[in-house]
Structure formats: C-alpha cells, structure tokens
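A quick note: this is a predicted structure, and the numbers were derived from the prediction, not measured. Every chain is numbered from 1 and lettered A, B, ... according to where its sequence line falls, protein lines coming before strand lines. Hydrogens, waters and symmetry mates play no part in the numbers below; they use all other heavy atoms, side chains included.
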Amino acid sequence: MIVTKQWLNEWIDISAIETDKIAIALSAIGLEVDGVNKIRIPHNVVVGQVVSCEKHPNADKLNVTQVNVGTSIQQIVCGAKNVAAGQMVAVALIGAELPNGIKIKKAKLRDVESCGMICSSTELGLPKINDGIMILDESIGTLVIGKELCEYPLINDDVIDIGLTPNRGDCQSIYGVARDLSVFFDLEVKVLGQKEEEENQPGVGRVLHINGSEALSGSYMYKVFDNTAIQVPLLVELRLGFAGIENGCLLGKLIDYATFVSGVLLRAYNHECFGAKNDKAKIVISKDENGLDAIFGYDKKLAICGIAQDEACRANAGDERIIIEANYTHPDIIATRSANKKLSADKHLYRSSRGSEPNLAFGLGYFFKMLSKKSTIMVYADAQQVIQVFEEKMINVHQSELTEMIGEEIPKNQIIKILKKLGFGVNFAFEQDVINIKVPQFRHDILNTQDICEEIVRIVGIDNITSKPFIFAEKLKVNLPYLNFKKRQLFRHKAVAVGFFETLHFVFDDAQKLKTLNLSTLDETLDVANPITSELNTLRSSLIPNILKATSQNIKFGKKRVPLFEVGSVFDVNRVESTKIAFVFSGEDGIAEVTNHGKPLEIDFFAFAKKIQSIIGAFELVADKGTNGLCSPYESARVIIAGVDAGYIARVNAAIEKEFDLLRTYICEFDFNALPQNRKIAKEYSKFPSTSRDLSLMVSSSMQYGVLEAFIKTIAPKELVKFSAIDRFVHESFGENVSLTLKLQFQSLEKTLEEEEIAKTIESILEKIKEKFGITIR
Amino acid sequence: MKEIENSIASCASLVELEKIRVSLFGKKGYFSGQFEELKNLEGEAKKEFAQNLNTNKENFLALLSGKKSVLEEGMMEEEMRKNSVDVTLFNQEQNAGALHPVMDTMDKIIEYFVSMNFSIEEGPLVEDDFHNFEALNLPKHHPARDMQDTFYFNDAMLLRTHTSPVQIRTMLQQKAPIRMICPGAVFRRDFDITHTPMFHQVEGLVVDKSGKVSFSNLKYILEDFLKHMFGDVKVRFRPSFFPFTEPSAEADISCIFCKGEGCRVCSHTGWLEVLGCGIVDPNVFKAVGYKDVSGYAFGLGVERFAMLLHQVPDLRALFEGDLRLLEQFR
C-alpha cells in the first residue's frame with residue numbers, strides 16, 4: 001500500500017509532523033513501513049507557458065517553441081508530440097540538474113538555438129504519466145509563471161510504502177490509513193464536504209431503476225451522470241503513478257483513484273447496457289448460480305459483485321450516460337465463494353476479499369468530487385440503493401483478561417479512549433470489570449477479546465509494555481529430538497575436524513535424473529504436484545546427487561580438493577522421510593606444500609574410508625558391485641556397523657565423473673539412525689610389553705584378504721591381539737600369486753611372552769592357513 | 001702426564017676420547033701398569049705410591065667424564081641444528097572443514113533455548129492441510145494463505161510452509177504445560193534473490209494455565225535471546241499479523257551494521273526485522289482441544305539470522321555448497 005504525506009494530509013492535518021516521524025508511527029501501529037521515497041524536483045525548474053509552437057525548419061520531429069518563464073521568453077526546441085501553444089509546462093532552465101544526471105546547457109539543435117528543456121514527468125523524477133511532456137494544471141497548486149516547481153509541496157511529496165498485513169482490509173485506502181494514523185497522533189479525520197449544485201438537476205429516478213431481489217449478500221448504491229468531456233487532473237495522474245496503478249481510460253483513472261482514496265469498490269457501467277438511450281436503465285441484482293450477487297442488464301449477467309465485470313458493459317470516457325456503482329460485501333463471503341468456484345476475477349477481488357470500505361455514499365461522493373474537478377458533466381441528483389442491514393457485532397471484554405494477556409494493567413479510561421478513537425462503540429457494563437464494545441462495520445477482522453487486545457496493544461505500543469520473566473513448572477525435556485540434536489552435532493563436528501565442509505541443499509531433485517542413476521523415486525501418485533522447476537520436480541531419495549553438483553561447480557571454480565558432507569532428509573518411494581548423512585571427497589587428499597613437494601596424493605578408496613572411519617567409528621566393509629548408478633562396481637562396498645547394514649561407500653563411476661567433470665571422487669551415504677552413539681566400555685589391558693612380527697605370504701591374487709582375515713580370527717590364540725595387512729606386492733615371478741605382508745602383534749595379559757612361544761604360535765597359524773588355503777610363507 | 005691432560009682437553013670427538021680412555025684405563029693401559037708396579041713396593045713407599053696413583057686416577061676419570069658430557073652436548077646441538085626448519089614456511093592454508101553457517105546458527109539458537117529449559121520437538125516435512133493450515137487458524141481461502149505459496153503433492157499432502165504444524169502435533173500429543181522449540185526446514189514456492197524454495201525456521205511455543213502467559217513474558221525472553229545472538233543491540237516490537245497469534249508482533253533489532261544510524265542493509269531505517277511472535281490465538285487452542293490455557297509463540301528464519309551475523313549478501317549462495325563461501329567459516 002502506497003501513501004504519501006500530502007495525500008494523507010488531505011484527511012488528517014500532519015503538515016507539522018516530519019515524514020520520518022510519520023513512518024515510525026505507522027510501523028508502531030502495525031502498518032509496517034518498507035521504505036520512504038522523498039521526491040524533490042530540482043532547482044531551476046519553473047512553471048512556463050508555451051507562447052508559440054512552430055515546426056522546426058530542419059527536423060520533422062522537432063518543434064521550436066517560445067516559452068514564457070517569468071523573467072523572460074526563452075526559445076526551446078522540443079521533441080514531444082503533445083506540445084502546443086498555451087500549455088503550462090515544466091521548464092528546466094539553463095543550469096538545472098535533472099535527477100537522471102542531465103545538466104541543462106544552451107544548445108543548438110539542427111542549427112536552432114535552444115535555451116532550456118520542456119520536461120516530461122519522468123525527467124523530473126516523477127512517475128511516468130504519458131509519452132510526452134507533462135502539462136501542468138492547478139491541481140498541483142496555483143500556477144505562477146516563473147515559480148520554481150520545487151516550491152509546490154503537492155508534487156514534492158514523500159512516498160511511503162507500507163507492507164500491509166492481510167487482516168487490515170480497512171487500511172487499503174488513503175482514508176483508511178489516515179483514520180488509523182489519526183489515533184496515534186490524536187488528530188481529527190476530516191469529512192468529505194457535501195456538494196450542493198446537484199439540487200437543481202433532474203433526479204436519478206428519471207434514468208435509473210434498481211430491482212434488488214431478496215436475500216442479497218451485498219449493498220449497492222448507484223448514481224448516474226451525462227458525460228460531455230472527462231478530464232483527469234495532473235495530481236490524480238501523478239498519484240496513480242506513485243501507487244503503481246495503470247489504467248488507459250480517463251474514466252477508469254478517476255474510478256481507480258476514488259477507490260484507492262476511499263477504499264470503496266466502484267464500477268462504471270455504460271447506461272445502454274441496461275436500457276435504450278432515452279429510457280430508464282433497469283438494473284437487476286440477484287444471486288447467480290454460484291450464490292454470489294450478480295448485476296443483470298437485459299437478463300444478461302454483466303458483473304459479479306466484488307469479483308468481475310463484463311468488459312462490454314464497462315463504461316469508457318467517451319460514453320454519453322454513465323452509471324457509477326458503489327458496492328460492499330463481507331470479505332468472507334467473497335473469499336470463500338470465489339475460491340470454491342475458482343472464478344476468474346479482476347482487480348476488485350484483492351480488495352473485496354480483504355475487506356473494502358462499507359461507506360458507499362462516501363466513495364461515490366468522493367468520486368464525483370474528483371470527476372467534477374476538470375470534467376464537463378451533468379450529475380443526476382440523489383442515488384438509488386439496495387442496502388443490507390449491518391448486524392452490529394458486540395464483544396464483551398473483561399479488563400482482567402486484557403491485563404493477563406498483556407502482562408500489565410492498561411487503565412480503563414485509556415482503553416476506552418483508544419477504542420473510541422478507532423471507531424469502536426464503547427459502553428460500560430454493570431459489572432465493574434466488563435466493557436461492552438461495538439465493532440464498526442469496516443473492522444471485519446475484529447472478532448474476539450484477543451483482537452480487541454491487539455488494538456489496545458498496538459496503540460499503547462508494545463515497547464511500552466514491561467518485560468517480565470515467566471515462572472514455569474519444570475518439565476522433563478530429554479527426549480528423542482534432543483538426543484538426535486546432540487548426536488547430529490557430534491558427527492557434524494567430527495566431520496569438520498576431519499576436513500569436510502557442511503553443505504545444505506534443497507530436498508528437491510530431478511525425477512528423471514534419479515531414475516537414470518537407479519536411485520529410488522517417489523510413487524507418481526505421491527509426487528510433487530506443482531514443482532518450481534523441472535530440475536526440482538520431486539523429493540530427493542539420496543543426498544549425493546545434489547552434493548555431486550556442488551562438487552562439480554567447485555571444481556569448475558578451480559578447486560583441486562572438494563570434501564563435502566550433509567545431514568538431511570530423504571524420501572523413499574512411499575514418501576517416508578528418513579535422515580541420512582553423506583560424504584563426498586573429490587581430488588587431492590591434502591594441500592600442496594613443502595612437505596609433499598607440492599604434489600599431494602590423490603584421494604583413494606582406503607584414504608577415504610579412513611576419513612569416514614575417523615568420523616563414524618569402526619565398521620566393516622563387504623564388497624559389492626555398487627549400490628546405485630553412481631558407484632563404480634570395482635571400488636564399492638556396503639558398510640556394516642555393529643552388524644547392521646548402514647549404507648555404502650564407493651568410488652563414483654567413470655561415466656558420472658566425466659558427466660560432472662569431477663576429479664577422482666569417492667562417496668558414501670549412511671542411515672543416520674545406524675550411526676552408533678554408544679557409551680565406551682573400558683576393557684582390561686595388558687601391562688606387559690607387546691611384540692610384533694611381519695609375515696610375508698604368497699597368496700592367490702584372486703583371493704580377498706577378508707576371507708583370510710576372517711579365518712585367522714577363528715584360529716588365533718588369545719595372545720595374537722592384533723593383525724593387519726600392511727603390504728601387497730605384485731611381481732611377475734610370483735605368477736598367479738601376490739606377496740601379502742601381515743603385521744602380527746602378540747601380547748599376554750599374564751606375562752612377557754618368550755621368543756620361543758611366539759615362534760610356536762606363528763608356526764601353528766602358518767600350518768593352519770597352509771592346510772586351509774595352501775598359502776605358504778614367501 | 002701433562003701431555004695426556006692436554007690431549008683430553010683438545011680432543012674433538014668421542015672416538016678419540018675413548019682411545020685416550022683405553023690408553024689410560026685399558027688392560028694394557030697406563031694405570032694397569034702402575035698398579036702392577038705397586039706389587040713391587042712395600043711399607044711407606046707403597047702407601048705413598050698408592051695414594052698418588054689413586055689421586056691421579058680420580059683426576060683423569062673426572063677429566064674424561066667432564067669432556068665426555070661436553071662432547072655429547074655438542075653432538076646433540078649439532079643434531080638439532082641439522083634439523084632446523086624455516087618456521088615461516090608453514091602453509092597457512094587450512095586442512096579443516098567447516099560447519100555450514102545456517103546450521104551453525106541454528107545450533108546457537110537451539111542451545112539458547114535448551115539452556116532456558118525449552119524442549120526440542122520435531123515433525124515431518126510432508127504435512128497435511130489440517131496441521132499446516134486449518135488448525136493454525138488458516139481456514140481454506142483465508143487471504144493469509146497467499147502469504148505462503150505452497151508445494152502440494154498429487155495426494156493433496158503438502159510440504160510444510162512453516163514449522164508451526166509441530167506446535168499442533170506437540171499439543172495433540174502432550175498436555176500443558178508446554179515449553180518447546182521446533183527447528184527445521186520449511187518450504188515456499190518462491191525462488192528469487194531473496195527467496196529460496198527451502199529455508200529453515202525455529203519456532204517456539206509456551207503454554208500454561210489460563211492467565212499465566214502474557215505478552216510481557218514473551219518480550220522478556222526474546223529480548224534476552226536476541227542479545228545472546230546479536231550482542232549489545234536494542235530490541236523493539238511492532239504490531240503485526242499472523243493468523244495463529246493475536247495480538248501479533250514483529251521484533252526488530254537496532255541495525256548491527258550501522259548501529260542504528262541508517263544504512264543500506266536496514267533500508268536506512270536503523271532497524272532490522274528479525275522475528276515474529278504473539279499470543280496464541282484462541283482458535284489454535286480450540287483446534288487441539290485445549291481449554292483454559294494461555295500461551296505465546298514465536299518464529300524466526302535461520303537463514304536471515306545467519307546472513308545478518310555473517311554478512312552473507314546472497315541467500316541463494318547458502319544452498320550451493322560453494323567452497324569459496326564455506327571456507328570462510330573455518
């Protein structure tokens with residue numbers, strides 16, 4: 001909602017209040033100011049009168065004008081089509097500096113001297129109103145030739161942009177905002193003066209007959225005028241521009257303006273749509289097939305109240321006899337029915353569904369006041385109407401309830417003053433505590449005690465309410481979400497320590513892409529109905545694709561090492577939500593520095609798995625051929641944590657690495673719930689020294705180490721406390737075999753082990769693996 | 001003897017020193033010979049000779065061990081010197097990762113409320129109309145639904161547009177008193193420079209017996225919370241509108257960039273809007289079957305907090321996993 005200081009000033013006298021204070025006041029009462037634009041026309045721009053206007057001798061599109069600028073007559077070459085002798089115009093004199101940066105200098109245009117510029121509205125920093133120069137009229141103040149335009153306050157205005165909340169239909173007009181603001185500053189709202197000249201005109205009954213059926217929802221009021229020439233004052237044009245309202249029709253402009261100022265919904269009909277030229281127009285108002293009030297002419301539905309109007313019956317500035325309708329319907333009726341029936345609507349719906357101004361006579365009166373400013377018209381006396389009786393809404397409020405809600409007592413007389421000023425009727429009840437409040441018709445949003453409380457709070461000012469601590473009964477708070485929060489935090493911090501960066505992606509993904517990657521997708525009946533783009537047209541089933549995209553971007557920006565992770569929600573085919581944690585590592589495992597002679601190693605499977613182990617703790621790997629289309633079948637494993645399959649770890653397959661322009665890249669993804677968060681239990685440990693032996697074995701190259709490992713575990717005596725593979729060596733002389741070196745560590749809980757005992761143990765192990773696999777020592 | 005003393009003093013290595021030691025104390029060394037000679041003496045002469053010999057021996061042993069520690073120290077010094085490094089070669093580029101600024105901000109918010117004895121509650125991202133709208137006093141066709149452009153599914157479910165449905169779920173599962181926050185992702189069908197289709201909120205709800213929870217209580221905790229997040233700022237409250245609270249307010253903090261003087265970030269107002277709050281609307285309590293209760297609720301956008309705290313200019317950049325941004329949060 002746009003208001004301006006001068007515009008508001010037509011209804012409340014705020015001339016002495018600075019705009020910044022007005023903005024603070026508006027925000028304070030709940031009409032949040034989003035911005036203030038102070039429009040100032042530059043110096044050396046004056047009112048001028050075009051004395052003569054002739055075609056330029058050497059240019060078709062230019063005119064040579066003589067313009068009276070008060071102190072002198074200046075010759076100005078002007079390119080606008082609409083320039084003509086006699087016009088009052090804005091002239092930028094030599095030396096003027098316009099808001100668009102143009103400095104006015106003496107110039108020659110095609111050999112004709114030009115001393116100044118006749119300005120358009122936009123050249124002065126005002127809204128665009130036409131394609132040519134701005135022609136001045138007295139709506140902006142008495143025009144004095146030579147007077148600086150910066151001295152006309154009505155066009156050097158402060159435009160205030162208010163972010164209106166949807167409950168405040170009553171503030172969708174200049175008048176409505178002025179009415180609300182008047183309470184803050186304790187000002188009187190001016191009333192619209194009644195016009196008297198209509199008294200000698202023929203009555204509206206001669207040209208109009210209204211037939212309103214019973215049980216209508218809305219109220220209607222009609223006036224008629226005969227039109228000779230409609231003209232729109234400059235100030236109206238400019239203010240419509242401030243408000244961002246466009247209308248190509250002069251009559252439409254005045255209708256829009258009157259609605260914007262008064263808040264009353266107005267429509268203009270061509271009289272001929274309801275009757276022959278010199279006949280009475282017959283307007284029939286009755287319910288249509290959707291249960292909404294509709295306007296009929298010749299049995300044809302021409303408009304739906306508050307929602308739409310048939311283009312053919314909309315009056316234009318050229319029509320001879322025009323009917324103006326003011327209407328009001330309770331916003332709930334409009335909002336519910338129009339949405340249920342999915343009706344196409346015009347701009348009235350926004351206003352009507354939030355609550356328009358119910359004072360129809362006010363809206364009509366204001367329209368005719370603005371219409372008669374410059375137009376040649378004849379208005380028929382009086383109006384025809386169908387008015388619904390407004391059921392008064394009463395709310396009984398206990399002062400103690402207000403006190404409890406606010407947290408401190410607002411004096412009763414202050415409450416009453418605020419409510420009265422806001423237009424509420426206030427009565428004292430017999431009980432001391434109770435206030436009977438009558439809600440005005442324009443405040444359809446006020447329904448209960450809390451609404452009344454809000455009215456009081458916003459005028460008192462929330463900042464003026466004392467802050468007080470809340471006394472709360474203790475309640476247990478260690479629940480699953482809390483434990484999950486702590487767990488999530490733990491793993492995220494560990495991931496960061498290991499060198500991963502946390503990322504955040506939308507939970508959306510591209511369904512087609514997921515399918516090609518062999519990742520699960522939502523069942524179609526459960527899929528997103530109104531996606532925002534085709535790349536984000538479903539819910540993700542894995543965190544990895546989005547992270548890979550980010551990885552790819554990072555590599556494009558020149559990163560050689562991209563370690564990313566994310567914890568977030570994914571959805572299965574049945575749209576069941578679960579939490580996953582995923583890691584991606586692409587490129588160099590380390591930074592180029594002196595110690596690695598500038599050549600850090602590339603990440604590999606084992607280095608990646610080691611990082612993941614540092615974050616999530618111990619796991620076992622079971623080789624597989626790749627969980628989904630992202631994985632390379634040759635470097636891929638399921639990850640088993642404490643006996644539970646928790647997810648997978650793999651290299652990204654070559655095709656995907658190529659598609660995403662990735663460096664060598666590894667990924668893993670786990671069910672967050674499968675990550676362990678156990679208490680650690682301390683076991684008994686040996687106080688005797690440990691001894692280790694390296695053992696090189698000839699092993700078949702096709703044999704998985706895991707098989708040997710599992711076997712040794714079953715036969716190992718308790719003194720063999722630890723063993724692992726530390727080298728795998730291939731040589732052509734080994735044939736089908738490879739040399740596999742194990743490091744064995746021996747230690748006893750009871751004593752220091754003798755050399756002999758260790759040798760014996762090793763011998764026994766060697767014997768058993770020879771028997772089982774035919775493995776020999778190298 | 002003087003000669004040997006000199007050679008010990010001038011000896012430059014442990015090997016040389018060992019040679020000297022052997023020449024003195026070895027089996028065929030000087031002192032073995034001398035002690036052999038002792039056998040040939042008797043009486044006073046023997047006694048005197050022995051005394052001299054022992055003094056000499058002590059003297060040499062002391063000289064040798066003194067020299068040995070000097071040489072050893074020298075060797076260690078040399079060893080250390082060889083390993084000296086140019087400490088300024090230390091590579092300033094870090095190896096550590098970083099938490100995402102939005103998630104980190106969320107943690108800070110959660111930690112405040114947990115420390116103030118709020119419980120954490122969670123709810124699903126895919127919601128139904130009742131929990132997301134209807135129960136929150138947002139009946140169908142309410143103009144306020146326009147504020148929240150919604151993602152729908154083919155089966156008429158939707159992605160929650162705010163964390164508020166968790167309030168409803170919690171109230172339906174638990175009895176008052178309630179004192180909870182709900183952090184999480186929310187969705188609006190909007191994508192431009194200041195909107196992303198997904199963002200994060202933290203929502204708070206306090207419910208107790210009728211007449212117990214007031215606007216003053218709400219102000220009290222939010223003022224403290226905003227100081228916890230933003231440091232020494234001024235806090236102001238403006239009336240506003242949310243369908244689920246009445247009265248409703250928005251809280252502003254004095255601009256942390258210009259200290260309230262007015263700058264581009266605060267649109268020259270000196271204030272930054274940071275959260276919405278209010279007294280729970282009676283229709284919300286009605287929807288969950290609560291009677292004779294009062295409560296307050298508040299909600300805030302985590303991205304907005306993170307952007308203000310870390311001066312991140314572009315909202316969309318937060319969802320791109322761009323290391324050029326993320327590396328700055330190490």
**Asked** Measuring heavy-atom distances to chain A, does B:Glu250 have an atom under 4.5 Å in its side chain, in its backbone, in both, or in neither?
**Response** side chain

**Interchain contact, B:His268 with chain A, by part (heavy-atom threshold 4.5 Å)** = neither

**Message:** Please classify the contact between B:Val206 and chain A as side chain, backbone, both or neither, with a heavy-atom cut-off of under 4.5 Å.
**Reply:** side chain

**Asked** Side chains of A:Phe184 and A:Leu31: closer than 4.5 Å at any heavy-atom pair?
**Response** no

**Prompt:** With chain A, which of B:Leu99, B:Leu222, B:Ile279 has the greatest number of heavy-atom pairs at distances under 4.5 Å?
**Reply:** B:Leu99

**Prompt:** Is the NZ or CZ atom of B:Arg324 both under 6.0 Å from the centre of the six-membered ring of A:Phe557 and within 45° of that ring's axis?
**Reply:** yes

**Item:** Contacting moiety of A:Asn554, where chain B heavy atoms sit under 4.5 Å
**Value:** side chain

**Message:** Less than 4.5 Å to any heavy atom of chain A: does that hold for the side chain of B:Phe118, its backbone, both, or neither?
**Reply:** backbone

**Request:** Taking only Lys NZ, Arg NE, NH1 and NH2, and the carboxylate oxygens of Asp or Glu, determine whether B:Arg236 and B:Asp252 approach each other closer than 4.0 Å.
**Result:** yes

**Request:** Sort out for me which of B:Leu323, B:Asn91, B:Asp155 touches chain A most, counting heavy-atom pairs under 4.5 Å.
**Result:** B:Leu323

**Message:** Under 3.5 Å, is there a donor on one side chain and an acceptor on the other for A:Glu455 and A:Gln450?
**Reply:** no

**Prompt:** What residue in B:Val235, B:Ile110, B:Asp104 has the most heavy-atom pairs under 4.5 Å with chain A?
**Reply:** B:Ile110

**Asked** Can you say whether A:Ala495 sits under 4.5 Å from chain B via the side chain, the backbone, both, or neither, judging by heavy atoms?
**Response** neither

**Request:** Could you tell me which portion of B:Val280 (side chain, backbone, both or neither) has an atom closer than 4.5 angstrom to a non-hydrogen atom of chain A?
**Result:** backbone

**Prompt:** So what's closer than 4.5 Å to chain A heavy atoms on B:Glu121: side chain, backbone, both or neither?
**Reply:** both

**Message:** Less than 4.5 Å apart, side chain to side chain, heavy atoms only: is that true for B:Leu326 and B:His100?
**Reply:** yes

**Between B:Ser216, B:Ala156, B:Ala185, B:Ser248, the one whose heavy-atom pairs under 4.5 Å with chain A are most numerous** = B:Ser216

**Prompt:** Side chain, backbone, both or neither: which part of A:Thr525 has a heavy atom under 4.5 Å from chain B?
**Reply:** backbone

**Item:** Under 4.5 Å from any heavy atom of chain B - which part of A:Ile452
**Value:** neither

**Item:** Structural part of B:Asp208 lying under 4.5 Å from a heavy atom of chain A
**Value:** side chain

**Item:** Modelled atom types, side-chain donor and acceptor of A:Gln553 and A:Lys559, under 3.5 Å
**Value:** no

**Prompt:** Charged N to carboxylate O below 4.0 Å: is that the case for B:Asp322 and B:Arg316?
**Reply:** no

**Asked** Do A:Asp161 and A:Val36 have side-chain heavy atoms sitting under 4.5 Å apart?
**Response** no

**Complete:** If one checks every heavy atom of A:Ile532 against chain B at 4.5 Å, the contacting part turns out to be both

**Message:** Tell me which of these, B:Ser294, B:Pro177, B:Pro124, B:Pro282, has more heavy-atom pairs under 4.5 Å with chain A than the rest.
**Reply:** B:Pro282

**Asked** Where on A:Pro331 is there a heavy atom nearer than 4.5 Å to chain B: the side chain, the backbone, both, or neither?
**Response** neither

**chain A contacts, top residue of B:Ala98, B:Pro139, B:Ser214 (heavy-atom pairs, under 4.5 Å)** = B:Ala98

**Request:** Side chain from CB out, backbone as N, CA, C, O: work out which of these in A:Phe485 comes under 4.5 Å of a heavy atom of chain B, or both, or neither.
**Result:** side chain

**Message:** Is B:Leu218 close to chain A through its backbone or its side chain, or both, or neither, when contacts mean heavy atoms under 4.5 Å?
**Reply:** neither

**Request:** Heavy-atom distances under 4.5 Å only: say whether A:Asn546 touches chain B with side chain, backbone, both or neither.
**Result:** neither

**Prompt:** Is A:Lys38 paired with A:Asp20 through a side-chain N to carboxylate O contact shorter than 4.0 Å?
**Reply:** yes

**Item:** By ring-ring contact (aromatic ring centres under 6.0 Å, His included) - contacts of B:Phe329 (at least two apart)
**Value:** B:His310

**Part of A:Val567 within contact of chain B (heavy atom distance under 4.5 Å)** = neither

**Message:** For the OG1 atom of A:Thr579 and the CD atom of B:Glu122, what is their distance to the nearest 0.5 Å?
**Reply:** 7.5 Å

**Item:** Interchain contact, A:Arg561 with chain B, by part (heavy-atom threshold 4.5 Å)
**Value:** both

**Asked** Can a salt bridge be assigned to the pair B:Asp107 and A:Arg492 using a cut-off of 4.0 Å between side-chain N and carboxylate O?
**Response** yes

**Lys/Arg N to Asp/Glu carboxylate O, A:Arg540 vs A:Glu566, below 4.0 Å** = yes

**Complete:** So, the part of B:Gln174 with a heavy atom under 4.5 Å from chain A: the answer is side chain

